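What follows is a set of notes on a single structure, which appears directly below.
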Amino acid sequence: MLVLSRPNLKIPDKYTFTFVITACSRHPMMVNYGESAHGMVIKNRYESDMFVGNSLLSMYTIFSKMEGARRVFDEMPQRDVVTWTSLVSGYAKCGDLDTAQNLFDKMPERNDVSWAVMIAGYVGGGKYTDALRHFNDMLYDDKVKVNEAVIVCVLSACAHLGAIDQGKWVHVYIDKSEVAVSSNILTALIDMYAKCGRIDCAKRVFNRISERDVFMWTSMISGLSMHGLGKDALQIFSQMLAEGIKPDNITLLGVLNGCSHSGLVAEGCSIFYNMEPLWGIVPKIAHYGCLIDLLGRAGQLIRAFEVVKSMPIEPDVVIWRALLSSCRIHCDVGLGERIIDHIAQLDPSNHGGGHVLLSNLYAAIGHWDKVAGARNMMSEIGVELSPGCSWIEVDGVIHEFFAADRLHPRIVEIHKKLNEVLQRISMKGFYIPNTKQVLFDLSEEEKEQAVSWHSEKLAVAFGLLNTEVGTPIRIVKNLRICEDCHCAMKAISRVFSREIVVRDRSRFHTFREGNCSCSDYW
DNA sequence: CGTGCTTTCG
């Protein structure tokens, strides 16, 4: 506790308070200390100083105490652009984007930081198209200049959306604007190109950098891993170590991911078990997830299960999902059922994610009665399924499709095209509808109907309708691509001579002349 | 003398 008054104690001035309060907000354990500093501010009548008020307001937003922040804001006799921006930032960070937007609209004056706060808020809340819309609005405002933070956020939004046209535009914009190309921007560029399917461009940006920090290396490594280029990821990783850069836990996640997608079991295990001895990084649950995925995918299910049972951390849904997903790939129902029992014993309330996978596992081997059972269980415990969704960018405009979409303005035309495409690839003998992964207990005909409505199929039909013959089609999907869609994409790439790049939840699939870059290992 | 924003993975 702070001692508020002692006879010999010198009274701190307003500068002291600003320093102390900002120092508090940089330390998560300093909430109480900061609050007593607030008390002293009032006692010493410094509340009317704008710098003191702003630092207090900012402190409350950093500790997610929005009532406190609001109180400081309301009681400040004068407010400037920093005051307003801090409050907007507070609401944006705690996810209340509506309130943030309302305040942003009401602010008497906005500068580059105010815009950055708003754009960052939308990116943080996963509202990437809204972030890009605000960037666009910002460009029309002559009174403000784009800064580094805005560029980084916008590139991150493009990366998440797979919006390569807009991403490239931003790259060109950086080069001709006054924004200095910083290490943050370079990292964001590498990440954007990699996540938009242009690993070649990502490499070009990376290779031109003379001094690389751990973020840039990590971006490059993770990008290669996502593209199934595990060997390249390992090679860049050893180059990084050779240059004396110490990996952080995210670098290691990236490398392990790469090993897992490329079936590099020995390399991945060796890195995992060396994390602590070599780099002093204690494996977190996500690293265990990678290891289990690596072993399970490669068919070493028992070994993967052993790792789960002996982990020093409580396994979470992600871990069980990795294990169950491997059981599905290798059609191991026995182990799948044991895992479900095991989860049920540990925590009977929260294993919804497992039931989706178990249901898929039963479906994969045609046990439709058990699929129905798992689905009933899911509705009983109220599991929410996130709807499948795919995006495609055509001429800089992002089009969004949901599974069984009926809302897109051109849905009739798209569905007609899709039927035509599916018929053509079936007739050529490259595609037989595969309904294994449809969750519903439907008739064969209905199942076929259901898979043909998957969002990535709608997106590819839209792409074939609206892009030039011979140009690649790029699609981003929120879930993992299903076996049937994977098979259809391979056939379409061959029959229509199109390169199709699909980024799903876990990696990239590049379809060319009937083959996929993942070699059907995903 | 002091205040607000940003990156790699889940």
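Here the structure is a predicted model, which means the values were calculated and not measured. Quick note on labels: first sequence line is chain A, next is B, and so on, each numbered from 1.
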Quick one: label [X] by what it contacts on the DNA or RNA (base, sugar-phosphate, nothing), any heavy atom closer than 4.0 Å.
X         : answer
Val123(A) : nothing
Asp112(A) : nothing
Val117(A) : sugar-phosphate
Asn257(A) : sugar-phosphate
Val88(A)  : nothing
Ser86(A)  : sugar-phosphate

Using whole Å, report how far [atom1] of [X] lies from [atom2] of [N].
X         : N       : atom1 : atom2 : result
Leu253(A) : dG10(B) : CG    : P     : 6 Å
Lys145(A) : dT6(B)  : NZ    : C1'   : 19 Å
Met50(A)  : dG4(B)  : CE    : C1'   : 13 Å
Asp213(A) : dT6(B)  : CG    : C1'   : 14 Å
Met216(A) : dT7(B)  : CE    : P     : 15 Å
Lys14(A)  : dC1(B)  : NZ    : C1'   : 11 Å
Leu186(A) : dT6(B)  : CG    : C1'   : 14 Å
Gln78(A)  : dG2(B)  : CD    : P     : 19 Å

Ring centres of His38(A) and Tyr60(A) under 6.0 Å apart?
yes
Is Lys203(A) paired with Asp200(A) through a side-chain N to carboxylate O contact shorter than 4.0 Å?
no
Are the side chain of His227(A) and the backbone N or O of Ala194(A) linked by a donor-acceptor pair below 3.5 Å?
yes
Between [options], which nucleotide has the shortest distance from any of its atoms to the side chain of [X]?
X         : options                 : result
Glu148(A) : dG2(B), dT6(B), dT8(B)  : dT6(B)
Thr187(A) : dT7(B), dC9(B), dT6(B)  : dT7(B)
Ser222(A) : dT7(B), dT3(B), dC9(B)  : dC9(B)
Asp248(A) : dG2(B), dT8(B), dC5(B)  : dT8(B)
Val318(A) : dC1(B), dG10(B), dC5(B) : dG10(B)
Phe19(A)  : dT7(B), dG4(B), dG2(B)  : dG2(B)
Ala116(A) : dC5(B), dG4(B), dG10(B) : dC5(B)
Tyr15(A)  : dG2(B), dT8(B), dG4(B)  : dG2(B)
Ala120(A) : dT8(B), dT6(B), dC9(B)  : dT6(B)

Between [N] and [X], is there an OP1 or OP2 to side-chain N/O distance shorter than 4.0 Å?
X         : N      : result
Lys93(A)  : dC5(B) : yes
Asn184(A) : dT8(B) : no
Lys195(A) : dC9(B) : yes

Test Phe135(A) against Trp115(A) for ring-ring contact (aromatic ring centres under 6.0 Å, His included), laying out the working first.
CA-CA 8 Å; Phe135(A) 175 57; Trp115(A) 282 95; 9.5 Å; no
Is there a donor and acceptor pair, one atom on the side chain of Asn111(A) and one on the base of dG4(B), closer than 3.5 Å?
yes
Check Arg204(A), His171(A), Arg198(A) against Tyr193(A) for a side-chain hydrogen bond (donor to acceptor under 3.5 Å, both in side chains) and give me the one that passes.
His171(A)
Ring-plane angle category for Trp217(A) and Phe206(A), please: parallel below 30°, perpendicular beyond 60°, tilted otherwise.
perpendicular
Can you check ring-ring contact (aromatic ring centres under 6.0 Å, His included) on Phe104(A) and Trp84(A), steps first, answer last?
CA-CA 8 Å; Phe104(A) 182 80; Trp84(A) 283 88; over 10 Å; no
